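Heads up, the thing below is written out as structure tokens.
Numbers restart at 1 for each chain; the letters A, B, ... are given by sequence-line order, proteins then strands. Please read all numbers here as calculations on a predicted model, not as lab measurements.
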Amino acid sequence: MNDAETKSATVKARLPRGLADRTPTDIAATNRMMAAIREIYELYGFEAVETPFIEYTEALGKFLPDLDRPNEGVFSFQDDDDQWLSLRYDLTAPLARYVAEHFDRLPKPYRSYRAGFVFRNEKPGPGRFRQFMQFDADTVGSASVAADAEICMMAADTIEKLGIKRGDYVIKVNNRKVLDGVLEAAGLGEGQNAQKLIVLRAIDKLDRLGPEGVRLLLGAGRKDESGDFTKGAELAPAAIQRILDFTAARASDNAGTLERLRKTVGDSARGLEGVAELATMADLFGTAGYGDGRVVIDPAVVRGLEYYTGPVYEAELTFEVKDENGRPMRFGSVGGGGRYDGLVARFRGEPVPATGFSVGVSRLLAALTAIHSPIVAGEAQRGPVVVLVLDKDQVARYQGFVSALRAEGIRAELYLGSAGMNAQLKYADRRRSVCAIIQGSNEREKGEIIVKDLVLGAQVANAAKDMDRAEYLALKERQQTTVAEADLVRAVRETLARHG
RNA sequence: GCCACCAUAGCUCAGUUGGUUAGAGCGCCGGAUUGUGGAUCCGGAGGUCCCCCGUUCAAGCCGGGGUGGUGGUACCA
């Protein structure tokens, strides 16, 4: 095979878009985040459960019966019996399936948490991935808004536990029933679900498009800068104004917001029920001390998902995140949730109230990385002790040093490459090893080994940039100690102890 | 899906009105030191200039088409 053929036969190493490899640093940062979240969730009395990545598509509610295939947004494939399977796109639908399947043996209300990757076949962007990690907590079997309020407060605790300061985030709360009431008052009744959905999506864009953009979407439609036209909800001007009043109803405090909401829903019974729920939650927040800006009622929050039936919540970072070119990055919410009283009922036929919250771990990690947060910028782990190979015919002897260290529980490895001493030390440096073990013929004849302290060496090198070579070499000598082979473990222990 | 912009070494980029053998910095590998990483100096490897077609004596550069990427927008069940 000539070069050209070799080249064309080579597979290009590339990752599909929207997916990411995780480096040791990423993994360590994620683990720290997960541990923090778990600690709060368990403190609140939630217990762990885990479901698989794959579910029947119909269990996820993503099968399109009219088209006889799953929704495009989910990764799907057919089993050998032709049944459609899908990768889960969130952790809520699989939980609903789990609870329905094991209903009789679960304590009710059932409080559980779970973490894992979810998959969405959508166009990726900054903070948007096709595989990403979520960390959810849900209470199934309680219709009380106390369950919703608790989850909002836990969300606040969780975000803070992740090292985000009070004031740098906010948990926004709204209620779908209030929105329903507003739509009712605006003349949109039961049968107009398609239009309701358009309204929902339009309100969801409020932060990007502003009230005027949303007004267009609620009316005839909106043409964006690129000339693309989005069809609107075709509502009457009075109805549009009522909806915009609703989204702008947030006042300086929760009591003021509730007062405005009462006016906006008019005499819609459902709307008033929603306002009453929000009032009860506001009381709970106030009593628990979360009414200080950590949890606020914000009617502009609706969330895009259809299945929410009552309170909805969203966790937002309030500081601006910029990319390396200084441009602001749009991350969206770093968590959210709400009440979904209908999801379990799909499996059981009887209503089972449920509410839950989801932390977008991947998105949060991306945001924290972008601002160089110390939570995610922790030092990479120290590497193992590296035993150098100076004489290739002495490998067995070197391997013996490695075994002796491992037997004492000290992480150690034999250099397995083929490079010279220089490169071997570079390797140990790259591995962030604390020390390297060196034995050439001179030492071997005396039954000795050298323990070279790489951390101390780095410190000396930094402080010694402009000394002459002789001085530099003299200092270098101090970074290594020569001991008898029998003292190997003791000498390594001392070196490790010096650097924590 | 629609719109805009972009594509030259592992990375960030330069490359003249179209003109021989396409460059820099960083990184990587090696040496200076029988046998000592990170500083310094020296050397080396590394390229289908995204692909195809066209214009031309001549294309990294011009034209057309494609592919890929980025951003916005839509969709996000």
Side-chain angles (χ1 to χ4, degrees), chain A residues 3-4 7-8 10 12-18 57 60-64 67 69-76 86 89-90 93 118-126 128 130 197-198 200-202 204-205 208-209 213 217 221-231 303-307 323-325 327-330 332 383 386 388-391 415 417-433 435-444 450-473 475-477 479-480:
Chain A
D3 281 356
K7 201 115 195 184
S8 63
T10 306
K12 188 173 183 194
R14 59 192 188 125
L15 193 61
R17 64 209 196 117
T57 306
L60 298 179
K62 292 312 145 203
F63 200 73
L64 304 171
L67 297 174
R69 61 163 175 79
N71 184 288
E72 284 179 2
V74 290
F75 291 101
S76 304
S86 295
Y89 61 90
D90 70 13
V118 300
F119 306 83
R120 296 191 189 180
N121 195 4
E122 296 165 5
K123 185 190 165 186
R128 294 170 63 92
R130 295 205 294 174
L197 205 55
I198 295 176
L200 214 60
R201 288 174 190 157
D204 211 23
K205 295 183 176 76
R208 278 190 292 127
L209 305 181
L217 283 174
R222 173 179 175 273
K223 186 181 277 197
D224 66 45
E225 314 83 79
S226 63
D228 201 18
F229 183 76
T230 310
K231 195 171 164 11
R303 299 195 54 77
L305 290 159
E306 244 179 313
Y307 58 62
D323 66 13
E324 58 269 22
N325 300 320
R327 288 180 304 188
M329 297 171 82
R330 188 174 291 151
V386 174
L388 304 199
V389 175
L390 296 202
D391 299 315
Y415 176 77
S418 56
M421 181 170 184
N422 229 312
Q424 294 190 40
L425 279 164
K426 265 188 183 167
Y427 170 80
D429 193 42
R430 267 202 175 173
R431 292 299 309 275
R432 294 183 49 80
S433 301
C435 61
I437 307 302
I438 304 169
Q439 185 189 61
S441 55
N442 297 351
E443 291 81 24
R444 189 168 63 247
I450 296 172
V451 177
K452 183 177 173 64
D453 184 333
L454 298 172
V455 178
L456 192 60
Q459 288 165 3
V460 170
N462 279 335
K465 280 195 163 62
D466 29 37
M467 59 180 62
D468 63 36
R469 180 156 188 85
E471 205 175 349
Y472 173 66
L473 287 177
L475 262 174
K476 274 181 123 169
E477 280 305 304
Q479 298 144 29
Q480 50 190 56

Rounded to whole angstrom, note down the P distance from B:rU55 over to B:rA45.
-> 38 Å
So, does the side chain of A:Lys452 form a donor-acceptor pair with the base of B:rG35 at under 3.5 Å?
-> no
Distance below 4.0 Å between A:Arg128 side-chain N/O and B:rG72 OP1 or OP2 | no
For atom P, what is the distance between B:rC26 and B:rU40, given to the nearest Å?
-> 9 Å
Base, sugar-phosphate, or nothing for A:Tyr427, non-hydrogen atoms under 4.0 angstrom?
-> nothing
Considering only atom C1', compute the distance from B:rG25 to B:rU20 and round it to an integer number of Å.
-> 26 Å
Using only side-chain N and O atoms of A:Lys205, determine if any of them is under 4.0 Å from OP1 or OP2 of B:rC75.
-> yes
Separation of B:rG69 P from A:Arg17 CZ (nearest whole Å) | 5 Å
Sequence-distant partners of A:Asp453, side-chain hydrogen bond (donor to acceptor under 3.5 Å, both in side chains), two or more places apart | A:Arg498, A:His499
Tell me, please, which residues at least two apart from A:Arg444 pass side-chain hydrogen bond (donor to acceptor under 3.5 Å, both in side chains).
-> A:Asp391
Side chain A:Glu443 and base B:rG35 donor-acceptor under 3.5 Å = yes
Euclidean distance for P, B:rG63 against B:rG31 (whole angstrom) | 49 Å
Which value, rounded to the nearest 0.5 Å, describes the distance between A:Ile450 atom CD1 and A:Gln479 atom CD?
-> 12.5 Å
Quick one: the side chain of A:Lys123 and the base of B:rU70, do they pair up donor-acceptor inside 3.5 Å?
-> no
Heteroatom pairs (N/O) under 3.5 angstrom, protein to nucleotides 25-27 of chain B:
none

Give a yes or no on whether a donor-acceptor pair under 3.5 Å exists between the nucleobase atoms of B:rU36, that is its base, and the side chain of A:Gln424.
-> no
Could you measure between the two C1' atoms, the one in B:rG71 and the one in B:rG64, and give it in whole Å?
-> 26 Å
Can you tell me how far P of B:rA74 sits from NZ of A:Lys223, to the nearest Å?
-> 15 Å
Can you name the side-chain contact (heavy atoms from CB on, under 4.5 Å) partners of A:Lys205, sequence neighbours left out?
-> A:Arg201, A:Arg208, A:Leu209, A:Leu217
For A:Ser433, side-chain hydrogen bond (donor to acceptor under 3.5 Å, both in side chains) partners two or more places apart | none
When rounded to whole Å, the CG to P distance for the pair A:Asp90 and B:rA77 reads 10 Å
Roughly how many Å is it from CE in A:Met421 to P in B:rG37, rounded to a whole number?
-> 8 Å
Pairwise C1' distance for B:rU67 and B:rC50, with rounding to whole Å | 8 Å
Return the value, rounded to whole Å, for the distance between atom CG of A:Leu209 and atom P of B:rA74.
-> 6 Å
Could you pull out all residues at least two apart from A:Tyr415 that satisfy ring-ring contact (aromatic ring centres under 6.0 Å, His included)?
-> A:Tyr427
Looking at A:Arg431, does any N or O in its side chain come under 4.0 Å of the phosphate oxygens OP1/OP2 on B:rG37?
-> no
Note every stem involving RNA chain B: at least three consecutive Watson-Crick or G-U wobble pairs, i with j then i+1 with j-1, with both distances under 3.5 Å.
-> B:1-7 with B:67-73, B:10-13 with B:23-26, B:28-32 with B:40-44, B:50-54 with B:62-66
From CG (A:Leu454) to CG (A:Leu425), nearest 0.5 Å | 6.5 Å
Closest listed nucleotide, where the reference is the side chain of A:Lys426 and the choices are B:rG30, B:rA77, B:rG35 | B:rG30
Using a heavy-atom cut-off of under 4.0 Å over every strand shown, decide if A:Asn442 touches base, sugar-phosphate, or nothing.
-> base
Any N/O donor-acceptor pair, A:Asn422 side-chain to B:rG35 base, under 3.5 Å = no
Minimum heavy-atom distance A:Ala436-A:Leu388, with the two atoms named | CB-CD2, 4.3 Å
Taking only residues two or more places apart in sequence, or in another chain, which ones meet A:Ile198 in a side-chain contact (heavy atoms from CB on, under 4.5 Å)?
-> A:Ala233
Heavy atoms under 4.0 Å, any strand shown: does A:Ala436 hit a base, just sugar-phosphate, or nothing?
-> nothing
Pairwise side-chain contact, A:Met421 with A:Leu390, heavy-atom cut-off 4.5 Å (strictly under) = yes
Go through the structure and list residues passing side-chain hydrogen bond (donor to acceptor under 3.5 Å, both in side chains) with A:Asp90, not counting sequence neighbours.
-> A:Tyr307
B:rA74 versus B:rG65 - spacing of their P atoms, nearest Å = 28 Å
Round to a whole Å and report the spacing from CZ of A:Arg222 to P of B:rG72.
-> 13 Å
Look at all strands and tell whether A:Ile450 reaches a base, only sugar-phosphate, or nothing, counting heavy atoms closer than 4.0 Å.
-> base
Inter-nucleotide P distance (B:rG66, B:rA59), Å rounded = 24 Å
